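Working notes, beginning with the structure itself.
Both counts, for ligands and for their atoms, begin at 1 and track the order of listing. Along the sequence shown, the residues carry numbers beginning at 1. Keep in mind the model is a prediction, meaning the values are calculated, not measured.
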Amino acid sequence: MLVTGGAGFIGGNFVHHTLRHHPEYEVCVLDALTYAGNRATLRPAAGSVEFAEGDICDAELVDRLVARSDVIVHFAAESHVDNSLNGPEPFVRSNIIGTYTLLEAVRRHGGRFHHVSTDEVFGDLALDATRKFTEETPYRPSSPYSASKAGADHLVRAWVRSYGIAATISNCANNYGPYQHVEKFIPRQVTNLMLGGRAKLYGDGRNVREWTHVDDHNTAVHLILSHGRVGETYLIGSGDERNNKQIVELVLELMGQPPGAYEHVPDRPGHDLRYANDTTKIRTELGWRPAYDDFRAGLAATIGWYRDNEWWWGPLKETAEERYLALGR
Ligand code: NAD
Ligand code: TDX
């Protein structure tokens, strides 16, 4: 199995999950180790996983690795919306050209390809909308990040239909859990507070996300690989919707801080208001259920992981906050 982006947050957790629950796979990770990739994430798997440092836009390398793989799971991407607003070029390159490069190798050599995408491709929902995103919702991306992921999804669909490659797509809601980069919402607040700083809420904090544990995402990806129908798309999400202000308040409570220990910072331009996935298809077709059905407990465990693993996130924090300082957030 070739795992692209396996030194990132979800890909790294996927590698650990695979070694634990699917030992039949021999795993090779392809990762460029961008600012978001971290070899340390794979340290617990050292010796059990082959690591190829390289770029998914490198056609020769990708061709060689795909040629010897039966299964390719594609996580590698530029993943942070704020960075995409500030500098979209690497998003277009890695997310669109990188996916294209992998698809062309799969077209030549075959193999079962799974493309990991996001609910952000559908745009956003009104706070009071009763209908959630489904697999049929038209694409309406808002940010350079989500537009580049949407472009990648369209390429995958076209390669299935035109060239008959054996691919599936999943669009998951927001993930949380261990090994998430400190630029992202939950780890940023937790580590700010651990270092004696304050939590930072964009705008008024009423934006809603559907928080899904990374291990539930990865269980779903494995189910799609083993039982999903080729050519199909599956939406993934816990169903647990909360606004950002509620999340900050819960983090403060779990960390024993006063409820007002946060500040409002300028909003993200074009900030999507709400994401929510209707997961009827993956639940009924594949029998997927989130195991982490208690968000408070999952968040408390995640905070515990950051408390215990400052060696992992400490070296990343200063640069991440310097980037936010430059953005005024
Ligand atoms: P991440 O930023 O933590 O990790 C991305 C990894 O990809 C890093 O290890 C990085 O080095 C690698 N990478 C980036 N560009 C590369 C390139 N050109 N060649 C090779 N490697 C490259 O991201 P994540 O949060 O783990 O997201 C993984 C995937 O899941 C992405 O495709 C993202 O769009 C999708 N996704 C993320 C979420 C979420 O909440 N984080 C939700 C739904 C979908
Ligand atoms: O300091 C912050 N304060 C804040 O209020 C940060 C970093 C974020 N926010 C808000 C913005 C969002 O409404 O929190 C929410 C979550 O922000 P992010 O962690 O940046 O996630 P989001 O923009 O929702 O995108 C995430 O989920 C979908 C991932 O980063 C994407 O890769 C994935 O596709």
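- Taking distance alone, with nitrogen or oxygen atoms compared against 3.5 Å, Ile10 approaches ligand 1 more closely than that limit.
- For ligand 2, one of its N or O atoms has an N or O atom of Asn244 under 3.5 Å away.
- Proximity of a side-chain donor or acceptor of Asp272 to a complementary backbone N or O of Glu120 within less than 3.5 Å is not detected.
- When only interatomic distances are considered, the shortest N/O to N/O separation between Tyr145 and ligand 2 falls below 3.5 Å.
- Taking any N or O of Asn174, backbone or side chain, at least one lies under 3.5 Å from an N or O belonging to ligand 2.
- Two residues are said to be in side-chain contact when any heavy atoms from C-beta on lie closer than 4.5 Å; Thr212 and Tyr176 fail this criterion.
- Gln180 and Trp313 form no side-chain donor-acceptor contact under 3.5 Å, judged by distance and modelled atom types alone.
- Listed by chain and number, the residues in a side-chain hydrogen bond (donor to acceptor under 3.5 Å, both in side chains) with Arg93 are Asp55 (sequence neighbours excluded).
- For a threshold of 3.5 Å applied to N or O pairs, the pair formed by Arg268 and ligand 2 contains at least one separation below that value.
- The closest side-chain heavy-atom distance from Thr118 to Ser146 is not below 4.5 Å.
- Considering backbone and side-chain N/O atoms, Ser79 comes within less than 3.5 Å of an N/O atom of ligand 2.
- Annotation: Phe185 places an N or O atom under 3.5 Å from an N or O atom of ligand 2; distance criterion only.
- In this model, a donor atom of one side chain and an acceptor atom of the other lie less than 3.5 Å apart for Asn192 and Lys317.
- Only the side chain of Lys149 comes within contact range of ligand 1, with a heavy atom under 4.0 Å; no backbone atom does.
- Using a non-hydrogen distance threshold of 4.0 Å, Ala173 registers as a contact of ligand 1.
- The nearest heavy-atom contact from the protein to atom 20 (C) of ligand 1 is Ala32 N, 3.2 Å.
- Side chains of His109 and Asp63: a donor on one and an acceptor on the other come within 3.5 Å.
- Judged by the shortest distance from any of its heavy atoms, Gly54 lies inside the 4.0 Å radius around the atoms of ligand 1.
- In this structure, Arg283 forms no cation-pi arrangement with Tyr234, as its terminal cationic atom is not both closer than 6.0 Å to the ring centre and no more than 45° off the ring axis.
- Of the candidates Ala77, Ser79, Gly98, Ala36, Ala77 brings a heavy atom nearest to atom 5 (C) of ligand 1.
- A heavy-atom distance below 4.5 Å is not found between the side chains of Arg68 and Leu2.
- The closest approach between Glu183 and ligand 2 falls below 4.0 Å for a heavy atom of the residue.
- Taking distance alone, with nitrogen or oxygen atoms compared against 3.5 Å, Asp119 stays at or beyond that limit from ligand 2.
- In this structure, Ala7 counts as a contact residue of ligand 1, since one of its heavy atoms falls inside 4.0 Å of the ligand.
- By the 3.5 Å distance cut-off applied to N or O atoms, Trp211 is not counted among the residues near ligand 2.
- Within the structure, the closest approach of Ser117 to ligand 1 falls below 4.0 Å when heavy atoms are considered.
- Note on Arg242 versus Glu210: no salt bridge recorded, every NZ/NE/NH1/NH2 to OD/OE distance being 4.0 Å or above.
- Residue His271 places a heavy atom under 4.0 Å from ligand 2.
- We find the CG-CG distance between Asn13 and Asp216 to be 11.5 Å, quoted to the nearest 0.5 Å.
- Using a 4.0 Å heavy-atom cutoff, Tyr35 is absent from the residues neighbouring ligand 1.
- For the pair Arg188 and Tyr324, the cation sits on the ring face: its NZ or CZ lies under 6.0 Å from the ring centre, inside 45° of the axis.
- Counting atoms of ligand 1 from 1 in the listed order, those under 4.0 Å from a heavy atom of Leu33 are 11 (O).
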